[in-house]
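Mind having a look at this structure? Questions to follow.
Worth saying up front: this structure is predicted, and the values here are computed from it rather than measured.
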Amino acid sequence: MNNNELTKTVAFHTLGCKVNHYETEAIWQLFKDTGYQRGEFDENADVYIINTCTVTNTGDKKSRQVIRRAIRRNPDAVVCVTGCYAQTSPAEIMAIPGVDIVVGTKDRSKLLELIEQYRTERQPINAVGNIMKSRVYEELDVPTFTDRTRASLKIQEGCNNFCTFCIIPWARGLMRSRDPQEVIRQAQQLVDAGYLEIVLTGIHTGGYGEDLKDYNLAALLRDLESQVKGLKRLRISSIEASQLTDEVIEVLNNSSVIVRHLHIPIQSGSNTVLKRMRRKYTMEFFAERLDRLREALPRLAITSDVIVGFPGETEEEFMETYNFIRDQRFSELHVFPYSMRTGTPAARMTDQIDEDIKNKRVHKLIELNDQLAKEYASSFEGEMLEVIPEEKYKIDPDNGLYEGYTDNYLKVYFEADESMVGKVLLVKLTEPGYPYSKAQFASILESERVSQA
C-alpha cells in the first residue's frame, strides 16, 4: 500500500494550547505541498503526527495514551511525535514500542526528510536538539485554517520568565520574535484568504520585540493596522500586565481594528503568592495598569487566568486573590487548581495544598466568575454590538440559530442563516447571560465572505 504511486495519507492529533494547533496546521502545509492527503486520526493513515503537550503531568499522560492509540490503529504506519512533551522527555517517548520519529519544538520542517530516512533505514530517530540554544524564530507558514472565521498568527516563540510552576521555557526555549515583515506578510495572506479576524498568538505573545532592536509590540500593532489591507479585527491572545506599557495602551486607544478585549493572566491576587510563583509584578502594579487601560478603553473586556491552591497558599492569601478579582471586575476567568509539574521548583515545595481545599477554592472563584461575567454582559443590554457568526448554536442547532463572539468577547446566539457565517453583523443584545447572551440580528456591516478554508 505504501508505494509512491498511491497518495499517502497523514493524520494529526493535537494536544494542548492554541500555539500547538497553529503549528499542526503549519506541519500539515508541509505534507500537503508534497502531495499527502489529510486523514482522520482514528482511521488508517500512512503517517501519524502527534503534537504533544507537557504543561502538566496529565498532559504527558494524555500524550502517551494518544501515541499508543496511533500505534494500535496501524502498526505499519510511521508514528512521529513532536511538541513540548517530545522536547522535554524524548527518551520517555522513544521507549514506547512503535514510536519511529521524535522531533521537539524546532526542526519541524525536517519531518518529511526524517520520514524518508526512517523508511530507508527502518531505525527509530531521535531528532530532538537543545532548545535553549535556539535564538532564531522558526518560520512555519499557515496560509489557511480549518476554522472558517478567525485565523491565528504566531508572532513569537519561547519565554524568559521561568515562573516556579511552569516547565514551558524548558519545552520552548527562550524568547524569539518573528521577523515583523514576515508577520505582516502572513497577516496579509490570511486577510486575502478571507479571514476577517486575526488572533496574535505565541508562547509569551506580549513579549514580542523584547529581543529585537528598536522594535516592539506597539510598533507591530501599528504596522499591522496601517499595512495590512482589509484587516477588520485584531485580537491579542494574551498579554502580561508588565507588557501593557503606556505606548501599547496608546496604540489600543487609537486603533480601529484591535478589539475591546484583553486576556491578562493574573495567576494570583496575593503579593506573597506571586513572589513564590516568581511572577514579576505586584498587585499594586497590576491594579494601576488596569486603571490606565480602563481610562483609555472604558468598557474593555478583561479576562484572566488564576491558579488556586499554589503551594503554601493560606486562606488569607486566597481571599486576597478573591477580593482583588471581585473589586477589579474581570469579565471572565479561567480557574485552574494548582497542578504539580515534575521538574519545576514549585513541585519541590513542601507545603502542597490538600486537593479538597483546592477544589473548594476553585468552586468559590467559579461562582464569582459566573456573577462577574453576567454583570459584564448585562451592562450591554439593549446595545448594538458587532459579531461574526461562526457556526450553528451548539445548544439548539436546528432552529436557525447561530453563535459567535462580539468584539468585546461576549458569546452570543441569534437568528441567522448559513450565508451570514463569516460576515460582520450588527446585533442587539436582548437577553444578557453567561456563558451565552441572546441577541437579535440588526444588519450586515461587512459582506465580504470568509472563504471556506
Side-chain angles (χ1 to χ4, degrees), residues 1-16 19-52 66-67 69-71 73-84 86-87 90 93-94 98-129 134 136-148 151-154 157 178-179 182-183 185-190 192-195 451-453:
M1 279 298 286
N2 273 351
N3 60 358
N4 289 333
E5 284 78 26
L6 294 170
T7 306
K8 293 196 276 283
T9 53
V10 59
F12 296 89
H13 193 294
T14 311
L15 297 108
V19 173
N20 265 9
H21 285 271
Y22 177 89
E23 288 167 352
T24 294
E25 293 296 325
I27 296 166
W28 159 233
Q29 289 302 321
L30 301 173
F31 280 85
K32 190 179 175 182
D33 293 346
T34 50
Y36 273 80
Q37 284 204 321
R38 190 167 182 167
E40 293 298 322
F41 192 78
D42 286 324
E43 291 170 10
N44 260 15
D46 300 301
V47 178
Y48 291 98
I49 309 263
I50 298 98
N51 195 352
T52 59
V66 173
I67 293 164
R69 228 167 78 200
I71 295 162
R73 184 83 201 113
N74 181 6
D76 298 328
V78 182
V79 175
C80 308
V81 183
T82 182
C84 290
Q87 183 64 49
I93 295 170
M94 292 294 288
V99 170
D100 302 314
I101 298 167
V102 182
V103 180
T105 51
K106 63 179 181 124
D107 299 333
R108 266 80 55 103
S109 49
K110 295 180 183 161
L111 262 169
L112 288 151
E113 292 164 42
L114 293 168
I115 288 166
E116 288 315 308
Q117 183 188 330
Y118 175 78
R119 285 188 169 134
T120 311
E121 298 171 7
R122 291 282 158 191
Q123 288 297 316
I125 302 167
N126 177 355
V128 177
S134 287
V136 180
Y137 179 91
E138 180 182 38
E139 280 296 337
L140 287 166
D141 245 12
V142 187
T144 60
F145 289 82
T146 35
D147 185 328
R148 290 155 58 184
S152 291
L153 175 51
K154 187 178 162 196
E157 175 62 273
R178 189 172 188 176
D179 179 310
E182 279 300 316
V183 176
R185 185 191 63 75
Q186 170 129 40
Q188 190 63 63
Q189 191 181 15
L190 291 167
D192 293 346
Y195 292 99
S451 65
Q452 302 276 341

(message) Is there a side-chain contact between Cys80 and Leu114 in this structure, where contact means two heavy atoms from C-beta onward sitting under 4.5 Å apart?
(response) no
(request) Flag the pair Asp100 and Arg122 as a salt bridge only when some basic side-chain nitrogen lies within less than 4.0 angstrom of an acidic carboxylate oxygen. (result) no
(message) For the CD1 atom of Ile49 and the OG1 atom of Thr82, what is their distance to the nearest 0.5 Å?
(response)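 Interatomic distance, Ile49 CD1 to Thr82 OG1, rounded to 0.5 Å: 7.5 Å.
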(message) Rounded to the nearest 0.5 Å, what separates atom NZ in Lys110 from atom CD1 in Ile115?
(response) 14.5 Å
(request) Side-chain contact test, heavy atoms from C-beta onward, threshold under 4.5 Å: evaluate it for Arg185 versus Gln188 and give yes or no. (result)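 A side-chain contact under 4.5 Å is absent here.
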(request) Answer whether the closest heavy-atom distance between the side chains of Leu153 and Tyr22 falls below 4.5 Å. (result)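 The answer is yes; the side chains approach within 4.5 Å.
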(message) Strictly distance-based, threshold 3.5 Å: is any side-chain N or O of Glu40 a donor or acceptor partner for the main-chain N or O of Ala11?
(response)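 No, because the side chain of Glu40 does not come within donor-acceptor range (under 3.5 Å) of the backbone of Ala11.
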(request) Using a cut-off of 6.0 Å, state whether more than 12 heavy atoms not belonging to Glu182 lie near its atom CD. (result) yes
(request) For residues Leu111 and Ile27, determine if any side-chain heavy atom of one lies less than 4.5 Å from a side-chain heavy atom of the other. (result) yes
(message) The criterion is side chain to side chain contact (heavy atoms under 4.5 Å, CB included); which residues satisfy it with Asn74, sequence neighbours excluded?
(response)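 Checked Asn74 against side chain to side chain contact (heavy atoms under 4.5 Å, CB included); matches are Asn44, Tyr48, Asp76, Ala77.
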(message) Apply side chain to side chain contact (heavy atoms under 4.5 Å, CB included) to residues Phe12 and Phe41 and explain how you reach the verdict.
(response) CA-CA 6 Å; Phe12 296 89; Phe41 192 78; 5.7 Å; no
(message) Can you tell whether the side chains of Glu157 and Arg178 come within less than 4.0 Å, N to carboxylate O?
(response)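 Looking at Glu157 and Arg178, the cut-off is not met.
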(message) Quick check for you: to the nearest 0.5 Å, what is the distance between Ile101 atom CD1 and Met94 atom CE?
(response) 9.5 Å
(request) Answer with yes or no whether the side chains of Thr14 and Asn51 bring together a donor and an acceptor at under 3.5 Å. (result) no
(message) Checking Tyr36 now: which residues fulfil ring pair (Phe, Tyr, Trp, His ring centres under 6.0 Å) with it, not counting sequence neighbours?
(response) Phe31
(message) Has Asn20 got a side-chain atom pairing as donor or acceptor with Gly83's backbone, closer than 3.5 angstrom?
(response) no
(request) Taking all heavy atoms of Ile50 and all of Ala70, pick out the closest pair and write down the distance. (result)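 So the minimum-distance heavy-atom pair works out to CD1-CB, 4.1 Å.
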(message) Before you tell me yes or no, could you show the steps for Ile125 and Gln117 under side chain to side chain contact (heavy atoms under 4.5 Å, CB included), namely the whole-Å CA-CA distance, both residues' side-chain angles and the distance that decides it to 0.1 Å?
(response) CA-CA 9 Å; Ile125 302 167; Gln117 183 188 330; 3.8 Å; yes
(request) For Gln87 and Val128, indicate whether the former's side chain and the latter's backbone hold a donor-acceptor pair under 3.5 Å. (result)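 Checking the backbone N and O of Val128 against the side chain of Gln87, no donor-acceptor pair under 3.5 Å is found.
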(request) Taking ring pair (Phe, Tyr, Trp, His ring centres under 6.0 Å) as the test, write out the residues that go with Tyr137, two or more places apart. (result) none
(request) Would you check if Val47 and Lys8 make a side-chain contact, meaning some heavy-atom pair closer than 4.5 Å? (result)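 No, their side chains stay 4.5 Å or more apart.
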(request) Run the salt-bridge test on Lys154 and Glu23 with the 4.0 Å N-O cut-off and return the result as yes or no. (result)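 Looking at Lys154 and Glu23, the cut-off is met.
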(request) Check for a donor-acceptor pair, side chain of Gln37 on one end and backbone N or O of Val10 on the other, with a separation under 3.5 Å. (result)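 Judged by distance alone, no pair lies under 3.5 Å.
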(message) Measuring from atom CG of Asn126 to atom CD1 of Ile93, what distance do you get when rounded to the nearest 0.5 angstrom?
(response)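 Here the rounded value is 9.0 Å.
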(request) Please report the closest heavy-atom contact between Asp107 and Glu138, naming both atoms and the distance. (result)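 Heavy atoms of Asp107 and Glu138 come nearest at N-OE2, 2.7 Å.
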(request) Determine whether Gln186 and Leu190 make a side-chain contact, defined as any pair of heavy atoms from C-beta on separated by less than 4.5 Å. (result)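 Gln186 vs Leu190: side chains touch.
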(request) Look only at the side chain of Thr9 and the backbone of Arg38, and say whether a donor-acceptor pair between them is shorter than 3.5 Å. (result) no
(request) Specify the closest pair of heavy atoms between Glu139 and Asp179, including all atoms of both residues, with the distance to one decimal. (result)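 It is OE2-N, 4.5 Å.
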(request) Report the C-alpha distance between Arg69 and Asp42 in whole Å, list the side-chain angles of each, state the deciding distance to 0.1 Å, and finish with yes or no for side chain to side chain contact (heavy atoms under 4.5 Å, CB included). (result) CA-CA 8 Å; Arg69 228 167 78 200; Asp42 286 324; 3.2 Å; yes
